[in-house]
Number of protein chains: 2
Amino acid sequence: MNDPFKALAHPIRRGIVERLAEGPATVGEATAGFGVSKPAISKHLKVLEETGVVTRVVEGRTHRLSLEPEVLSVAADWMDQQRALWERFFDVVDEYLSEKEST
Amino acid sequence: MNDPFKALAHPIRRGIVERLAEGPATVGEATAGFGVSKPAISKHLKVLEETGVVTRVVEGRTHRLSLEPEVLSVAADWMDQQRALWERFFDVVDEYLSEKEST
DNA sequence: CGGATCGTTCACTATCTGGTTAACCGTAGC
DNA sequence: GCTACGGTTAACCAGATAGTGAACGATCCG
């Protein structure tokens, strides 16, 4: 699975991303207070890792997580592109209408 | 349900958004060629409508779909914000390191 | 060594998701 | 009026997802 949208579709995973956006953190730090068991956290992290949104480096018995912002860029760019196309469509319509009106 | 990320988590729904980005279309036009039955399409449209990504106006027996780009903006802005925070974090680290080095 | 800590894997369950077919509703057109 | 068309609703099914508790692995520390 390599779909950043799917990875960000769960609020807990977006919460983890939000915390990592402020700097790298261990699993415990990045996931405290979500009110969910440790295995659940572990699975969410796996999803984020598999899509490349988050990377992990093992330091002794703790794991340090980092955000990988390029993947977010890909998704954000897709959205911006759809919006841009949509706005271009309206430009074309306006142009057509004003041409029609002037004849 | 009001989660744009969840709405965009499925490739067929993103495909629909891509087509609507080029201008409004009927259900049949916007969803042709996805290789899936009509009820499946209907459900995907319902999700997109419920999150506000797409709006619908009934015209006789056809339904005309339009993209609602503001909702995409919200999601794109979230991603950009995470990225910006992350970059700011590195700026702070760099600053700290260069100060440390200069003492 | 022995206990505590950080985090994972295993086995299992309940719910959600995405798909199907069949039937239906409203409109368009002969 | 009747049939064709665009699209939805209903009922159902298989697989994915999100959660749990229990056990484990590895590291740190007394």
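Letters go in sequence order (proteins before strands), and every chain restarts at 1.
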Can you tell me how far C1' of D:dC13 sits from NZ of B:Lys43, to the nearest Å?
10 Å
Contacts of A:Glu18 meeting side-chain hydrogen bond (donor to acceptor under 3.5 Å, both in side chains) (sequence neighbours excluded), chain-then-number -> B:Trp78
Kindly give the heavy-atom pair with the smallest separation between A:Pro4 and A:Asn2, and that separation in Å.
CD-O, 3.3 Å
A:Ala84: what forms a side chain to side chain contact (heavy atoms under 4.5 Å, CB included) with it, not counting sequence neighbours?
none
Please report, rounded to the nearest Å, how far the P atom of D:dG19 is from the NZ atom of A:Lys46.
15 Å
Rounded to the Å, how far apart are A:His10 NE2 and C:dT17 P?
10 Å
By nearest atom, which of the nucleotides C:dG18, D:dT17, C:dT9 is closest to the A:Lys6 side chain?
D:dT17
Take the protein atom CG of B:Leu45 and the nucleotide atom C1' of D:dG7, then report the distance between them rounded to whole Å.
10 Å
Nearest listed nucleotide, side chain of A:Thr62, among D:dT8, C:dG18, C:dG7
C:dG7
Would you jot down, in residue-number order, the residues of residues 15-34 of chain A having a non-hydrogen atom under 4.0 Å from DNA chain C?
A:Thr26, A:Val27, A:Gly28
Residues passing the salt bridge (charged side-chain N to carboxylate O under 4.0 Å, His left out) test with A:Arg14, sequence neighbours excluded, are B:Asp3
For residues 62-77 of chain B, dump all side-chain donor-acceptor pairs below 3.5 Å to protein atoms at least two apart in sequence or in another chain.
residue: B:Thr62; atom: OG1; partner: B:Glu59; partner atom: O; Å: 3.2
residue: B:His63; atom: ND1; partner: B:Arg56; partner atom: NH1; Å: 2.9
residue: B:Arg64; atom: NE; partner: B:Glu59; partner atom: OE1; Å: 3.3
residue: B:Glu68; atom: OE1; partner: B:Thr55; partner atom: OG1; Å: 3.1
residue: B:Ser73; atom: OG; partner: A:Arg83; partner atom: NE; Å: 3.4
residue: B:Ser73; atom: OG; partner: A:Arg83; partner atom: NH1; Å: 2.9
residue: B:Ser73; atom: OG; partner: B:Pro69; partner atom: O; Å: 3.3

Rounded to whole Å, the CG-P distance (A:Leu8 to D:dT17) equals 15 Å
Rounded distance (Å) that lies between atom P of D:dT17 and atom CG of B:Asp3:
16 Å
Let me know the distance between CD1 of A:Ile12 and C1' of D:dT20, rounded to the nearest Å.
13 Å
Closest listed nucleotide, where the reference is the side chain of A:Val36 and the choices are D:dA18, C:dT8, D:dT20:
D:dT20
Heteroatom pairs (N/O) under 3.5 angstrom, protein to nucleotides 21-30 of chain C:
residue: C:dT27; atom: O2; partner: B:Arg61; partner atom: NH1; Å: 3.4

In chain order, what residues pass the side-chain hydrogen bond (donor to acceptor under 3.5 Å, both in side chains) check against A:Trp86, with sequence neighbours excluded?
none
Looking at B:Arg13 and B:Leu8, would you say the former's side chain and the latter's main chain have a donor-acceptor pair under 3.5 Å?
no
For residues 20-30 of chain A, dump all side-chain donor-acceptor pairs below 3.5 Å to protein atoms at least two apart in sequence or in another chain.
residue: A:Thr26; atom: OG1; partner: A:Glu29; partner atom: N; Å: 3.2
residue: A:Glu29; atom: OE1; partner: A:Thr26; partner atom: N; Å: 2.9

Pairwise ring pair (Phe, Tyr, Trp, His ring centres under 6.0 Å) hits with a residue in residues 6-53 of chain A, at least two apart
A:His10-A:His44
In whole angstrom, give the distance that lies between atom NE2 of A:His44 and atom C1' of D:dA16.
14 Å
For A:Arg13, report the nucleic acid contact type (base, sugar-phosphate, nothing); a contact means any heavy atom under 4.0 Å.
sugar-phosphate
